[in-house]
S.K.: 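Just dropping this structure here.
Not measured: the values here are computed from a predicted model. In what follows, chains carry the letters A, B, and so on, assigned in the order in which the sequence lines appear, proteins first and then strands, with residues in each chain numbered from 1. For the numbers below, each heavy atom of this structure counts, side chains included, while hydrogens, waters and symmetry mates do not.
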2 protein chains.
Amino acid sequence: MGKQKLTIRDIAKMARVSHMTVSRALNDDPRVREETRKRILELVNKLDYRPDARARIFSSKKSHLIGLVVSSISNPFYAELARGIEDKAHEQEYNVIFCSTENKSERTETYVHLMMDAGVDGFIFASSRLHEPVVEKLIDEHFPLVLVNRKLRGETCNYVVLNNVQGAYEITEHLINLGFEKIAIITGTSNLSTGIDRLKGYQLALRDYRMEFNENYVIQGPFTRETGYEGTKQLLTMKKRPEAIFGGNDYIAMGVIDAVEELGLHIPEDIALVGFDDNEFASNQRIRLTTVSQRKYEMGNMSVQILIDHIERKETDYTHRVILEPRLIIRESCGEKLWEKRKNKQPPGSEIEAFGSLDRM
Amino acid sequence: MGKQKLTIRDIAKMARVSHMTVSRALNDDPRVREETRKRILELVNKLDYRPDARARIFSSKKSHLIGLVVSSISNPFYAELARGIEDKAHEQEYNVIFCSTENKSERTETYVHLMMDAGVDGFIFASSRLHEPVVEKLIDEHFPLVLVNRKLRGETCNYVVLNNVQGAYEITEHLINLGFEKIAIITGTSNLSTGIDRLKGYQLALRDYRMEFNENYVIQGPFTRETGYEGTKQLLTMKKRPEAIFGGNDYIAMGVIDAVEELGLHIPEDIALVGFDDNEFASNQRIRLTTVSQRKYEMGNMSVQILIDHIERKETDYTHRVILEPRLIIRESCGEKLWEKRKNKQPPGSEIEAFGSLDRM
DNA sequence: CAGGGGAATGTTACCGGTAACATTAAAATA
DNA sequence: TATTTTAATGTTACCGGTAACATTCCCCTG
């Protein structure tokens, strides 16, 4: 059939102008006369001409493509982040290529190359490994990129992270303000900065409020439901049983619920509970969990914005650092309704050392 | 700096050959002498030359880019599907561009255009609307594409779907084989083909096993935890209380658990439960749910394979239809351990009308 | 009315690869 | 040895846009 794809020169011929005039008309160049433009656009519409994207990319040296590298797209954290990235990107006529590395370094390398081949204008990395040669190489070449929720050791780079110390501090403070004195924490392993930072925030809050820090009230393990379950069983068999539990993330908090219910106790009447992350199920459970929002969607938004700025301004340095402040999501798992305004302590002064161990992320 | 990006002609000059020889060497053309190739590749390595992706895409007319359109990336179903798609695509050196439409038609249109501009070689649509003008237009133009888990009314097109009727049939059969006679179903609204099909499978199984169909045992509502919760409360207050509940998806099954526990009953001792989907949390709960796998990851795999075939063979017709058979995931929520081999009925004949209402997907 | 200036449009080159055809040199054959 | 064949490499054009510079034409001004 006559499916011989139309080019800008075909249109030009039919409109009896040069191909440049057509190009200009299509790009809203103010130099073309209104009448000419109209004539051209009519033809373009009638023939349903669409400029060849590949040619355009090639000559303009811009793909409007962003590469997103996450460690696992099935992890709801990254899914939500991806949504934030994608929405913001599309808003500005950028497209997102993505891949998930499943935390394998060689996959990261393959994918980065694939994406370079696809011609991405920049990268967003939200995978979690510390030392990543490919990424470091990109940084050396000043290729536009942004790190989300992580930081490479020693490298200066654009990044967007959540202040985990602050978040843990505030949620602990929330418990303190409700009048709880025996507060336990069950949190993630000590080789993840998130775990470390949340524990740190918890400790700082206790310190600032001059509360006793009881080592037996700290339980660590992987960030899983199991950990919450086992940890809670352990805590609840202590003679000096805690009144409140801070689950290092919402999965752990789920495990806490399991154990508490199994022991025939109730949340929040018998024991208060907070989580961290604000996962979808945190609001969706019978027990509506008080937790800290990781603001994943916004992190996505911001990282894209930074990246696009970087790309379009052709900046050569990485100067954008965003530390998002956490946001408490107060629901009912601490008996907020029961205890409201029971006490409302003020911290006796002291500044928190927020965002302390960032460079271990 | 001398950061003047290297071209193939620069390499050529330094290797004292023509740029075509370099191009050939890089593309494993057997015509270049081994010695020459080595000399060129050494230079390429030393100078870290990478061919300009955009130029290559432009001249070869292939982007190796696949556009994936889902309705919501935060939905774990699509996340898992995306993973399947992505893995398979990368395996064959293809990249995936994605976007989620949040079920808005105008977004679909925008995104499809954006992706066309990015130069995708083909599309995978996993969004759920029935009538989508942009998609229909692509089909008219015989543009390579595959539909996943849906089918456009009246259009012939490549697709990959799960046999929901069969899945529901089998899981109902599972309950029947365990000896349950009063089996209720709580499932999704009747305007979703998945809901319809699962109900149909349930009915067919009852019919084939000559079991009574009790209308009061059918509860419909949105595919949410709420529906499961409310439905169960309703069911369990009936005088002729069901012994088993079939939750139309795992979210509904979660709600069933909530209600059952609230009433002080236990699963599976007092009531058996099955779900559908095999969501992550289905295995992760205290109550390990017996359910039906939607084989999301495999659906992703297959759809990519079909698409790439379509692209590379330059087929002009849509002839690939894949109907995946469901897979039962037997855990313990029906007391499988307790009841094993209690009875093991055989259906008294009759063929199931599998995959009945596909064209309403 | 010559010449300057700006608006509208045209010409040409170029981006960095690949494809098609051309050329050279060495090996095989007559 | 002349001639054909073939392997290895080279030349040129082209893909379909955009950028830079050139040209026309008309109007305005001194």
S.K.: For A:Phe58 and C:dC15, are the ring centres under 5.5 Å apart with planes inclined under 30°?
M.R.: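 Yes, the aromatic ring of A:Phe58 stacks with the base.
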S.K.: In whole angstroms, how far is the P atom of D:dC15 from the CZ atom of A:Arg9?
M.R.: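 Checked: the CZ to P distance equals 8 Å.
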S.K.: Quick one: which of A:Lys38, A:Glu34, A:Arg33 gives a side-chain contact (heavy atoms from CB on, under 4.5 Å) with A:Thr36?
M.R.: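 Going through A:Lys38, A:Glu34, A:Arg33 one by one, the side-chain contact (heavy atoms from CB on, under 4.5 Å) with A:Thr36 is satisfied by A:Arg33 alone.
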S.K.: Measure from the side-chain heavy atoms of B:Met20 and tell me the nearest of D:dT11, D:dA19, D:dG17.
M.R.: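 Of all the options, the side chain of B:Met20 is nearest to D:dT11.
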S.K.: Taking the basic N atoms (NZ, or NE/NH1/NH2) and the acidic carboxylate oxygens, is any pair closer than 4.0 Å for B:Asp121 and A:Arg54?
M.R.: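 Salt bridge between B:Asp121 and A:Arg54, a charged N being under 4.0 Å from a carboxylate O: yes.
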S.K.: Describe, in one word, how the ring planes of A:Phe143 and A:Phe123 are oriented to each other, choosing from parallel (under 30°), tilted (30 to 60°) and perpendicular (over 60°).
M.R.: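 Answer is tilted, since the angle falls between 30° and 60°.
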S.K.: Is it true that A:Glu91 and A:Lys88 make a salt bridge, defined as a side-chain N closer than 4.0 Å to a carboxylate O?
M.R.: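 Salt bridge present between A:Glu91 and A:Lys88.
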S.K.: For the CE atom on B:Met302, are there more than 12 heavy atoms of other groups (residues, nucleotides or ligands in this structure) within a distance under 6.0 Å?
M.R.: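 No, CE of B:Met302 has 12 or fewer neighbouring heavy atoms, counting only those of other groups under 6.0 Å.
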S.K.: Check DNA chain C against residues 30-52 of chain A and give the residues with a non-hydrogen atom under 4.0 Å, in numerical order.
M.R.: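 Within residues 30-52 of chain A, the residues near DNA chain C are A:Arg31, A:Val32, A:Arg33, A:Thr36.
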S.K.: Could you tell me how far apart B:Ile11 (CD1) and C:dG17 (C1') are, to the nearest whole angstrom?
M.R.: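 Distance check: B:Ile11 CD1 to C:dG17 C1' gives 14 Å.
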S.K.: If you only use heavy atoms from C-beta on, which nucleotide in D:dG17, C:dT12, C:dT18 is closest to the side chain of B:Ser23?
M.R.: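 Among the listed nucleotides, the one closest to the side chain of B:Ser23 is C:dT18.
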S.K.: Classify the ring geometry of B:Phe58 against A:Phe58: parallel below 30°, tilted from 30° to 60°, perpendicular beyond 60°.
M.R.: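 Answer is parallel, since the angle falls under 30°.
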S.K.: Starting at CD1 of B:Ile8 and ending at C1' of C:dA19, how long is that distance when rounded to a whole Å?
M.R.: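 Distance check: B:Ile8 CD1 to C:dA19 C1' gives 13 Å.
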S.K.: Under 4.0 Å: is that the gap between some side-chain N or O of B:Arg54 and OP1 or OP2 of C:dG17?
M.R.: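 Looking at the OP1 and OP2 atoms of C:dG17, neither is under 4.0 Å from any side-chain N or O of B:Arg54.
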S.K.: If I take atom CG in residue B:Asp10 and atom C1' in nucleotide C:dG17, what distance separates them, rounded to the nearest angstrom?
M.R.: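 To the nearest whole Å, that distance equals 13 Å.
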S.K.: Write down the distance between CG (A:Leu26) and P (D:dT18), rounded to a whole number of angstrom.
M.R.: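 Between P of D:dT18 and CG of A:Leu26: 8 Å.
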S.K.: Hydrogens and angles aside, do B:Tyr111 and B:Thr101 bring a side-chain donor and acceptor to less than 3.5 Å of each other?
M.R.: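 On atom types as modelled, these side chains do not qualify, holding no pair under 3.5 Å.
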S.K.: Given D:dG17, is OP1 or OP2 found less than 4.0 Å from the side-chain N or O atoms of A:Ser59?
M.R.: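 So the side-chain polar atoms of A:Ser59 never come under 4.0 Å of the phosphate oxygens OP1 or OP2 of D:dG17.
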S.K.: Ignoring backbone atoms, establish whether A:Arg56 has a side-chain N or O less than 4.0 Å from OP1 or OP2 of D:dT18.
M.R.: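 Answer is yes, contact under 4.0 Å.
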S.K.: Which of these nucleotides, C:dT18, D:dG16, D:dG10, is closest to any side-chain atom of B:Arg24?
M.R.: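 Nearest listed nucleotide: D:dG10.
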S.K.: Looking at B:Thr21, I'd like to know whether one of its side-chain N or O atoms comes within less than 4.0 Å of OP1 or OP2 on D:dG10.
M.R.: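 Yes, within the criterion.
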S.K.: Atom CG of B:Asn27 and atom P of C:dA20: how far apart are they, to the nearest Å?
M.R.: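 Rounded to whole Å, this separation is 14 Å.
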S.K.: Can you check whether any acceptor in the base of D:dT9 is under 3.5 Å from a donor in the side chain of B:His19, or vice versa?
M.R.: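 Flag unset: no donor-acceptor pair detected.
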